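Read the numbers this way: they start at 1 and go in the same order the structure lists the ligands and their atoms. These numbers were taken from a predicted model, which means no experiment stands behind them.
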Amino acid sequence: MNSADRPLIVGAGPVGLGAALFLAMQGRAPRVIEMRDTPSPHSRALAVNPRTLELLESSGVAQRILALGKPIHGAHFHRKGRVIAALSFAGIHPKYPFLIALSQASMERLLSEALEAAGGVIERGMRMVECRNVRDGVEVVVEATNGGARDIVRCPWLLSAEGARSMARQQLGIDFPGTSFAREWHLADAPLRAAPDDDRAHVFFSDGGEFQFMVRVVDDAASDQAKSPLWRVLGNRPEPLKRMIQAEQDGPPVWESSFRVSHRINTTLTDGAIHFAGDAAHIHSPVGARGMNLGLEDAWVFAQLVKSGRLQEYDGLRRAVDRQVVRRVELVSRMASGESRFFRFVRTFVLPWSIRLPFVRARMIATLTGLDHDLPADIAGGGE
Ligand SMILES: Cc1cc2nc3c(=O)[nH]c(=O)nc-3n(C[C@H](O)[C@H](O)[C@H](O)COP(=O)(O)OP(=O)(O)OC[C@H]3O[C@@H](n4cnc5c(N)ncnc54)[C@H](O)[C@@H]3O)c2cc1C
């Protein structure tokens, strides 16, 4: 295949790697370029949901995730030293009735290894600096990050898996409408002792709108350096480790970050022969652990459509699903973070009893586990 016939994926985060893997397994390994010389060591996304495990079964990656990660069986919501609401994932999925705690760094390693085993190659140190639709495909300017040598390549289609700051989105002038929370959120991954049950995620609500989220971090590289188990502590106030309620820090954090929470989605996921998946297409808060998982589902749908020659259906099939997830996660995030008096009232007085209602309970569990929609039935078999 000469380079004009070879599709291009830009970005080797989980979504670019996932799309490349799904395509390589069909014998259609695309070219993959990544501007970073080495993979990011940061945990970032922390949980793999049942839908992702289903999609990664045939590659063997799901089995490796299960072997490395730790099952999370539910979530507890705490206030004033009491559990005010509890969710259990029991029965949500016949094979995978849990989320698996496993860091994004570990996931990227597993996906890269599977991609390479399927014949794919990741070209690191290569950045896309320009792209435009041309007759019969896309023209792309690629630059080596160590010296700036440039090359112009042609490809039949391009998948931007470049993350939230997608250069392709900016170059094509695609809008990215949505909202951002006024307050930054803060996270730390640190070793903790005397922490709460580690097979649950925990959310602590305090008066005045503060919340704190805690879940185990399972990362094969970072865990080796720490003496106590690593946890993610995330909240909407600075210095989350100093504000912990039910745990003691047992060593320096391995990663700290502060970030602005936004909920946005592209006005289209396809412009000519340029397509968008993952954070390049949509962003939302980490509540619900959907970011990486939703992006991997985009990647799977995209690869199935390539296989069946129906790429023109990608935006129509995918954007409505992504938009609905972004809206739901925004609603849950507004309630969890209690930014307004209304949402503080809801989380304090409405959540504890409403979560006992089967409909509310089922909806919350589906949002947290990625099982809030079905995959399009007519592409599941690949259309061969
Ligand atoms: C601080 C933080 C905490 C988070 N916590 C969670 C969490 O707890 N749970 C959760 O589900 N999600 C979380 N996320 C979100 C999650 O990390 C993303 O949803 C996920 O990374 C999306 O994957 P992606 O492959 O679409 O994009 P990315 O992971 O951003 O990967 C994009 C890749 O493209 C490369 N790239 C970009 N532009 C170019 C270019 N022009 N040329 C070549 N390469 C390029 C980048 O170097 C990068 O490797 C968090 C994110 C952050 C930043």
Participant: Does some non-hydrogen atom of M126 fall short of 4.0 Å from ligand 1?
Facilitator: yes
Participant: Can you check salt bridge (Lys or Arg N to Asp or Glu O under 4.0 Å) on D207 and R79, steps first, answer last?
Facilitator: CA-CA 9 Å; D207 292 338; R79 187 165 182 269; 2.7 Å; yes
Participant: Answer yes or no: does an N/O atom from N293 fall short of 3.5 Å to an N/O atom of ligand 1?
Facilitator: no
Participant: Out of all atoms in ligand 1, which are within 4.0 Å of some heavy atom of G11? Include the element for each.
Facilitator: 33 (C), 34 (O), 35 (C)
Participant: Pick, from S258, S166, P14, the option with the minimum heavy-atom distance to atom 23 (O) of ligand 1.
Facilitator: P14
Participant: Less than 3.5 Å apart, any donor N or O on the side chain of D219 or S43 sitting next to an acceptor on the other?
Facilitator: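 Distance-only check fails for D219 and S43.
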Participant: Is there a nitrogen or oxygen of F259 sitting under 3.5 Å from a nitrogen or oxygen of ligand 1?
Facilitator: no
Participant: What's the shortest distance from atom 26 (O) of ligand 1 to any protein heavy atom, and which residue and atom give it?
Facilitator: D279 N, 3.0 Å
Participant: Quick one: nearest non-hydrogen protein atom to atom 39 (C) of ligand 1, plus distance?
Facilitator: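 Among all protein heavy atoms, the one nearest atom 39 (C) of ligand 1 is M35 SD, 3.7 Å.
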Participant: To which protein heavy atom is atom 50 (C) of ligand 1 closest, and what is the distance rounded to 0.1 Å?
Facilitator: R44 CB, 4.1 Å
Participant: Could you check atom 31 (O) of ligand 1 against the protein and tell me its nearest heavy-atom contact, residue, atom and distance included?
Facilitator: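 Atom 31 (O) of ligand 1 sits closest to the protein heavy atom G13 CA, 3.5 Å.
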Participant: Would you say G278 has any N or O atom under 3.5 Å from an N or O of ligand 1, going by distance alone?
Facilitator: no
Participant: Using the ring centroid of each side chain, check whether H93 and F98 are separated by less than 6.0 Å.
Facilitator: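 No.
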Participant: Salt-bridge test for R127 and E162: reply yes if a basic N is under 4.0 Å from a carboxylate O, no otherwise.
Facilitator: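 The answer is no: the pair does not qualify as a salt bridge.
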Participant: Looking only at protein heavy atoms, identify the closest one to atom 42 (N) of ligand 1 and say how far it is in Å.
Facilitator: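 Of the protein heavy atoms, M128 N, 3.0 Å lies nearest.
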Participant: Name the closest protein heavy atom to atom 9 (N) of ligand 1, giving the residue it belongs to and the distance to 0.1 Å.
Facilitator: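 Atom 9 (N) of ligand 1 sits closest to the protein heavy atom A45 CA, 3.5 Å.
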Participant: At the 4.0 Å heavy-atom cut-off, does F276 count as touching ligand 1?
Facilitator: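 For ligand 1, residue contact (heavy atoms, under 4.0 Å) with F276 is absent.
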Participant: Could you check atom 25 (O) of ligand 1 against the protein and tell me its nearest heavy-atom contact, residue, atom and distance included?
Facilitator: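 Looking only at protein heavy atoms, the one closest to atom 25 (O) of ligand 1 is V15 N, 3.0 Å.
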Participant: With respect to V301, which candidate in V321, L296, I379 satisfies the side chain to side chain contact (heavy atoms under 4.5 Å, CB included) definition?
Facilitator: I379
Participant: Would you say the rings of H275 and F302 are close, in the sense that their centroids are separated by under 6.0 Å?
Facilitator: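 Yes: the rings meet the under 6.0 Å criterion.
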Participant: Can you find an N/O atom of V10 closer than 3.5 Å to an N/O atom of ligand 1?
Facilitator: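 N/O-N/O distance under 3.5 Å: no.
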Participant: Quick one: does E34 get an N or O within less than 3.5 Å of an N or O on ligand 1?
Facilitator: yes
Participant: Validate the cation-pi geometry between R169 and F176: distance from NZ or CZ to the six-membered ring centre under 6.0 Å, angle to the ring axis within 45°.
Facilitator: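 So R169 does make the cation-pi contact.
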Participant: Looking only at protein heavy atoms, which one is nearest to atom 21 (O) of ligand 1, and how far off is it?
Facilitator: Q104 NE2, 2.8 Å
Participant: Using a 3.5 Å cut-off on N or O atoms only, is G291 in polar contact with ligand 1?
Facilitator: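 Yes.
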Participant: To which of A47, G163, P39 does the heavy atom nearest atom 27 (O) of ligand 1 belong?
Facilitator: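 Closest candidate by heavy-atom distance is G163.
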Participant: Start with the C-alpha gap between K95 and E57, add the side-chain angles, then the distance that decides, and say whether salt bridge (Lys or Arg N to Asp or Glu O under 4.0 Å) holds.
Facilitator: CA-CA 11 Å; K95 267 176 99 172; E57 256 178 18; 2.7 Å; yes
Participant: Measuring from the heavy atoms of R232, does anything fall under 4.0 Å of ligand 1?
Facilitator: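 A heavy atom of R232 does come that close to ligand 1.
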Participant: Would you mind running through ligand 1 and noting each atom that sits below 4.0 Å from a heavy atom of A161?
Facilitator: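 Listed by number with element: 32 (C), 33 (C), 34 (O).
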Participant: For the residue pair H78 and H76, categorise the inter-ring angle as parallel (less than 30°), tilted (30 to 60°) or perpendicular (more than 60°).
Facilitator: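 It falls in the perpendicular class, over 60°.
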Participant: Between W157 and Y314 (judged by ring centroids, cut-off 6.0 Å), do the two rings come close enough to count as a pair?
Facilitator: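 Ring-ring flag for W157/Y314: false, centres at least 6.0 Å apart.
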Participant: Quiz question: by atom type and distance under 3.5 Å, do the side chains of S228 and Q249 form a donor-acceptor pair?
Facilitator: no
Participant: Give the numbers and elements of all ligand 1 atoms closer than 4.0 Å to a heavy atom of M292.
Facilitator: 11 (O), 19 (O)
Participant: Checking the N or O distance criterion of under 3.5 Å, is ligand 1 in contact with E162?
Facilitator: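 It does: an N or O of E162 is found under 3.5 Å from an N or O of ligand 1.
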